Amino acid sequence: MPATPPHCHSSAAAARAVPTASKDDGQSTRCLSPSATSNRVGSHRLIPSPSAQPTTTRSRVRADGAVARLMAEDGERKLLDTVQHIVQTLGSSDTMTEDILKVFSNYDGRLSLDKIYAARSAAAAGERSMPASPPLPPPPQAAVPGSSARPPVTSMERTVRTLDRQISQFVTMDGLIWADSGDADRFLEAVDDLIGTVQELDAAGTNRALLDRADELLSRCMARLEDEFRALIERPDDAAPMAPGGFASDGSDDEEFYGGADAYGDEPIPIAKPVTDYDVVIDALSPGSIANVHQISRRMVDAGFGRECAEAYAAARRGFVDESVARLGVRPRTAEEVHASTWEELEFDIARWIPAFNMVFRILIPSERRLCDRVFDGLAPFGDLAFIAAVRTQALQLISFGDAISSSSRSPERLFRVVDMYEAVRDILPDLDPVFSDPYSAALRAEVSAVCNTLGSSIKGIFMELENLIRRDPARVATPGGGIHPITRYVMNYLRAACGSRQTLEEVMEGDLSAGGRAAVAVDPDRPTSALAVHIAWIMDVLQKNLDTKSKLYRDPSLACIFLMNNGKYVIQKVNDSELGVLLGDDWIKQITTRVRRWSIEYQRTTWGKVTSVLQIGGPGVGGLPAKAMLQKLRMFNTYFEEIYAVQSEWVIADDQLRVDIRSAVEDSVMSVYAALIARLKSAPETGRDLYIKYTPEDVEAHIQHLFEGAAK
């Protein structure tokens with residue numbers, strides 16, 4: 001091994017060492033400065049020391065030029081050393097180091113990246129005992145073959161680093177980025193650049209590590225955007241002061257639709273209130289806020305986070321929807337709770353449910369659809385997903401209550417509230433088509449239609465239960481005085497009230513609703529053969545059979561006739577002064593009127609037939625009754641008449657006209673023969689002078705006029 005020249009260990013002399021030949025091996029040895037050695041290793045470029053030539057007269061001029069050149073190089077080296085010191089002091093990361101180097105290279109042409117990287121490598125080799133500064137990426141020039149240096153930094157890597165630095169300052173902010181419109185614009189610009197960079201890296205597919213880094217940065221961006229998105233929806237006023245051209249309002253217009261402070265805090269929570277005019281729309285966000293959240297949603301969809309954006313929107317709006325429904329007084333009820341509740345409790349719940357249902361499906365949900373369409377404009381199907389996720393829970397809660405009512409008891413008294421619920425649901429069905437037009441909300445539209453049909457089925461079931469109630473009404477105790485039976489009053493008043501919803505009932509009886517929310521078959525309620533008319537006629541027939549059975553409780557056939565007449569006349573009266581007459585028709589009314597007349601004739605026959613037969617005395621002259629026989633007939637008449645009057649004056653004929661008609665019929669059948677008997681007795685010589693007449697014809701007539709007064713006597 002040749003000996004190393006001693007002067008090579010002197011840093012100052014080594015810079016200018018003269019190559020010499022060894023006497024041992026004849027090899028030439030070039031001694032380089034530590035800085036030069038470092039440059040060769042670190043930057044792949046060799047910087048030889050200037051040769052130290054023997055000074056001669058011929059080369060003096062050349063040496064003077066070399067000295068000047070060395071002095072210039074020494075000044076440049078000092079400048080480079082100064083730059084390296086600044087980099088070591090301020091460059092805490094690769095990105096920051098690279099930015100500092102770019103600044104110096106742009107400032108002075110002598111500080112090119114090549115020179116800076118070479119000086120950096122030389123300093124690292126000459127000061128190994130010093131703490132290493134952050135590593136510098138090599139310049140983009142090609143490396144010397146066989147070198148162990150780091151690979152060159154590509155422009156895409158620099159872009160990702162720059163975006164990382166820009167985005168990091170936003171995602172770590174404590175306050176809302178959108179509180180300052182300038183910050184929001186710069187953040188969105190950086191997000192757009194990052195999305196484009198990720199797409200380019202993914203398309204190239206050559207740098208998986210850099211793509212993973214960009215994806216991680218993109219995930220951080222999306223997480224912050226999601227937080228901003230929810231904050232702008234839930235607390236739009238937080239960003240309002242800094243938004244140029246923002247939506248301003250004194251709050252007066254919002255009072256109609258929004259409530260005051262929430263019980264759990266001081267911040268006002270907008271909530272919907274019941275209204276009677278449903279032709280309104282709630283604008284929960286100002287136009288400026290909508291524009292802001294639309295910008296965010298578009299970036300999240302472009303980055304592949306559309307579903308997360310839809311979920312964030314739904315979570316932010318769901319609280320508003322839940323609170324709005326709660327303020328309408330509707331509380332969640334399971335089917336078991338509904339079935340276990342008393343009808344009085346359910347009536348109260350239904351009275352709140354109907355306006356709440358109209359409010360939700362006519363105002364709240366359409367307003368949410370309008371807002372969602374504006375936030376996700378052009379971003380289908382994520383807007384549809386966000387909308388249905390925001391409103392589905394409360395909509396199904398209202399629908400489930402309708403289902404629970406439909407499947408509960410079908411007691412006849414529930415008909416009218418169920419009809420009200422059915423009409424509320426049916427009337428909104430056509431208006432739901434534009435709101436639930438997308439595939440994701442079509443199922444909810446079908447749920448509303450289904451609950452309408454189940455309520456209709458419940459109405460049919462209630463009518464069937466009414467029939468069963470009439471059939472099961474026991475014939476135990478006769479109605480006093482042959483008056484109107486309670487079942488007759490109940491059924492007729494019930495049917496009369498039900499006909500107030502004749503169009504709806506006819507629609508239900510005809511069958512299920514079509515897709516448009518109306519009966520599939522055209523309804524003509526005025527025809528007696530309509531489904532409702534047939535059903536009511538059948539109920540009337542069931543009622544009449546029940547009354548016939550109850551009439552057999554009376555031991556006196558006359559009283560049974562009075563009972564049937566009273567109930568028949570009551571039925572006719574209720575039919576004539578309501579839409580039942582239209583449904584049942586004139587022929588049916590004539591049939592029941594004929595029955596009443598037949599019962600009247602039967603009453604006269606069974607009650608007054610024996611009286612009039614007793615009063616028959618035949619014609620005057622030959623064949624006429626003797627005076628003694630006529631006196632016997634008079635005594636029998638007095639007995640019969642007193643018995644009838646004593647009993648039937650307690651009987652009841654409720655209808656005034658029927659009572660007048662029956663009395664007139666009795667007078668017509670009795671008074672003529674009774675007056676004839678009295679006249680014959682007065683003209684008979686045997687009895688004319690000593691005749692005692694207990695009831696004059698006027699007395700009999702007066703007594704007849706007091707029949708059937710019942711308790712009014």
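Being a predicted model, the structure only gives us computed values, none of them experimental.
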Query raised in the report: Would you call E579 and R502 a salt bridge, using N to O less than 4.0 angstrom?
Result: yes

**Report entry** Distance, nearest 0.5 Å, that separates CG of L559 from OG of S551
**Finding:** 10.0 Å

Query raised in the report: Between the main-chain N or O of Q604 and the side-chain N or O of T607, is there a donor-acceptor pair closer than 3.5 Å?
Result: no

Query raised in the report: In Å and rounded to the nearest 0.5 Å, what is the CD to CD distance from E667 to Q705?
Result: 4.5 Å

Query raised in the report: Can you tell me how far CG of L547 sits from CD1 of I487, rounded to the nearest 0.5 angstrom?
Result: 8.5 Å

Query raised in the report: Between F563 and H485, does a side-chain contact (heavy atoms from CB on, under 4.5 Å) hold up when you go through it step by step?
Result: CA-CA 8 Å; F563 172 77; H485 197 278; 4.0 Å; yes

**Report entry** Verdict with reasoning, L564 to K569, per side-chain contact (heavy atoms from CB on, under 4.5 Å)
**Finding:** CA-CA 8 Å; L564 292 173; K569 189 65 177 180; over 6 Å; no

Requested in this report: Salt-bridge test for K545 and D541: reply yes if a basic N is under 4.0 Å from a carboxylate O, no otherwise.
Outcome: yes

Requested in this report: Report yes or no: is the cationic atom of K610 (NZ for Lys, CZ for Arg) closer than 6.0 Å to the six-membered ring centre of Y640, at no more than 45° off its axis?
Outcome: yes

Query raised in the report: Is there a donor in the side chain of Q657 and an acceptor in the side chain of D661, or the other way round, less than 3.5 Å apart?
Result: yes

Query raised in the report: Can E347 and R414 be counted as an ion pair, charged N to O under 4.0 angstrom?
Result: no

Query raised in the report: Is the closest side-chain heavy-atom distance between D699 and K694 below 4.5 Å?
Result: no

Query - Any side-chain donor near an acceptor of the partner, R362 and N358, under 3.5 Å - result: yes

**Report entry** Backbone N/O of A531 and side chain of E506: donor-acceptor pair under 3.5 Å
**Finding:** yes

Query raised in the report: Who are the side-chain contact (heavy atoms from CB on, under 4.5 Å) partners of R471, not counting sequence neighbours?
Result: E467, N468, W538, V542

Query raised in the report: If you look only at pairs with a residue in residues 391-401, which of them pass as a side-chain hydrogen bond (donor to acceptor under 3.5 Å, both in side chains), with sequence neighbours excluded?
Result: D322-Q394

Query - Y494/F416 aromatic ring centres below 6.0 Å - result: yes

Query raised in the report: Between D548 and Q544, do the side chains contain an N or O donor and an N or O acceptor separated by less than 3.5 Å?
Result: yes

Query raised in the report: Checking side-chain contact (heavy atoms from CB on, under 4.5 Å) for the pair Y603/W608: CA distance, chi angles, key distance, verdict?
Result: CA-CA 8 Å; Y603 161 76; W608 300 99; 3.3 Å; yes

Query - Pair S458, S406: side-chain N/O donor-acceptor within cut-off below 3.5 Å - result: no

Requested in this report: Go through S341 and R333 one step at a time and tell me if the side chain to side chain donor-acceptor pair (under 3.5 Å) criterion holds.
Outcome: CA-CA 10 Å; S341 300; R333 302 287 299 275; 2.4 Å; yes

Requested in this report: Tell me yes or no: between the side chains of E507 and Y422, is some donor less than 3.5 Å from an acceptor?
Outcome: yes

Query raised in the report: Can you name the ring pair (Phe, Tyr, Trp, His ring centres under 6.0 Å) partners of F463, sequence neighbours left out?
Result: H535

Query raised in the report: Counting distance only, does the side-chain N/O of K633 pair as donor-acceptor with the main-chain N or O of V614 below 3.5 Å?
Result: yes

Query raised in the report: Is the shortest side-chain N to carboxylate O distance from E465 to K460 below 4.0 Å?
Result: no

Report task. Return yes if a side-chain donor-acceptor contact under 3.5 Å exists between E413 and Y490, otherwise no. Result -> no

Query - Rounded distance [0.5 Å steps], CD1 in I572 versus CE in M492 - result: 10.0 Å

Requested in this report: Check whether the side chains of T612 and S669 place a donor and an acceptor atom closer than 3.5 Å, and report yes or no.
Outcome: no

Report task. Indicate the atoms forming the closest heavy-atom contact of S558 with T606, along with that distance. Result -> OG-OG1, 2.9 Å

Query raised in the report: If we only count heavy atoms from C-beta on, is the L444 to L396 side-chain gap below 4.5 Å?
Result: yes

Query raised in the report: Do L583 and V575 have side-chain heavy atoms sitting under 4.5 Å apart?
Result: no

Requested in this report: Indicate the ring-plane relationship of F401 and W353, choosing parallel, tilted or perpendicular according to the 30° and 60° boundaries.
Outcome: tilted

Query raised in the report: Which pair of non-hydrogen atoms, one from I365 and one from A395, has the smallest distance, and what is that distance?
Result: CD1-CB, 4.2 Å

Query raised in the report: Looking at side-chain heavy atoms only, is the closest gap between R369 and D438 below 4.5 Å?
Result: yes

Query raised in the report: Is the backbone of T488 close enough, under 3.5 Å, to the side chain of N567 for a donor and an acceptor to pair up by distance?
Result: no

Query raised in the report: With sequence neighbours excluded, what pairs up with F348 under the ring pair (Phe, Tyr, Trp, His ring centres under 6.0 Å) test?
Result: none

Query raised in the report: Which heavy-atom pair separates G482 from N566 by the least distance, and what is that distance?
Result: O-ND2, 2.6 Å

Query raised in the report: Looking at residues at least two apart in the chain, or sitting in another chain, which of them share a side-chain contact (heavy atoms from CB on, under 4.5 Å) with T334?
Result: E336, E337

Query raised in the report: Between L543 and M540, is a side-chain contact (heavy atoms from CB on, under 4.5 Å) present by the stated rule, with each step listed?
Result: CA-CA 5 Å; L543 174 63; M540 299 303 301; 4.3 Å; yes

Query raised in the report: Is a side-chain N or O of S530 found less than 3.5 angstrom from the main chain of A533, in a donor-acceptor match?
Result: yes

Query raised in the report: When you look at CZ of R555, are more than 12 heavy atoms from neighbouring residues, nucleotides or ligands closer to it than 6.0 Å?
Result: no

Requested in this report: Give a yes or no answer on whether the side chain of R445 reaches the backbone of F436 with a donor-acceptor pair at less than 3.5 Å.
Outcome: no

Report summary line: Residues S600 and M565: closest non-hydrogen pair is CA-SD, 3.3 Å

Report task. Output the distance between atom CD (E701) and atom CE (M671), rounded to the nearest 0.5 Å. Result -> 5.0 Å

Report task. Looking only at non-hydrogen atoms, find the nearest pair between R496 and S578 and report the distance. Result -> CG-CB, 3.5 Å

Query - Contact check, side chains of I282 and I363, non-hydrogen atoms, under 4.5 Å - result: yes

Requested in this report: Compare all side-chain heavy atoms of V611 with those of F641 and state whether any distance is below 4.5 angstrom.
Outcome: no

Query raised in the report: Do you know the tightest heavy-atom contact between C499 and I536?
Result: SG-CD1, 4.1 Å

Query raised in the report: Would you say S408's side chain and I405's backbone share a donor-acceptor pair under 3.5 angstrom?
Result: yes

Query raised in the report: Side-chain contact, heavy-atom cut-off 4.5 Å: Y554 with I562?
Result: no

Query raised in the report: Looking at F708, does the NZ or CZ of R663 lie under 6.0 angstrom from its six-membered ring centre and within 45 degrees of the ring axis?
Result: no

**Report entry** Sidechain N-carboxylate O distance under 4.0 Å for D656, R659
**Finding:** yes

Query raised in the report: From D420 CG over to F357 CZ, what is the distance, rounded to the nearest 0.5 angstrom?
Result: 13.5 Å

Query raised in the report: Hey, are the side chains of V435 and S441 touching, using non-hydrogen atoms and a 4.5 Å cut-off?
Result: no

Query raised in the report: Is the Y695 to Y645 ring centre distance short of 6.0 Å?
Result: no

Requested in this report: Could you pull out all residues at least two apart from R370 that satisfy salt bridge (charged side-chain N to carboxylate O under 4.0 Å, His left out)?
Outcome: D283

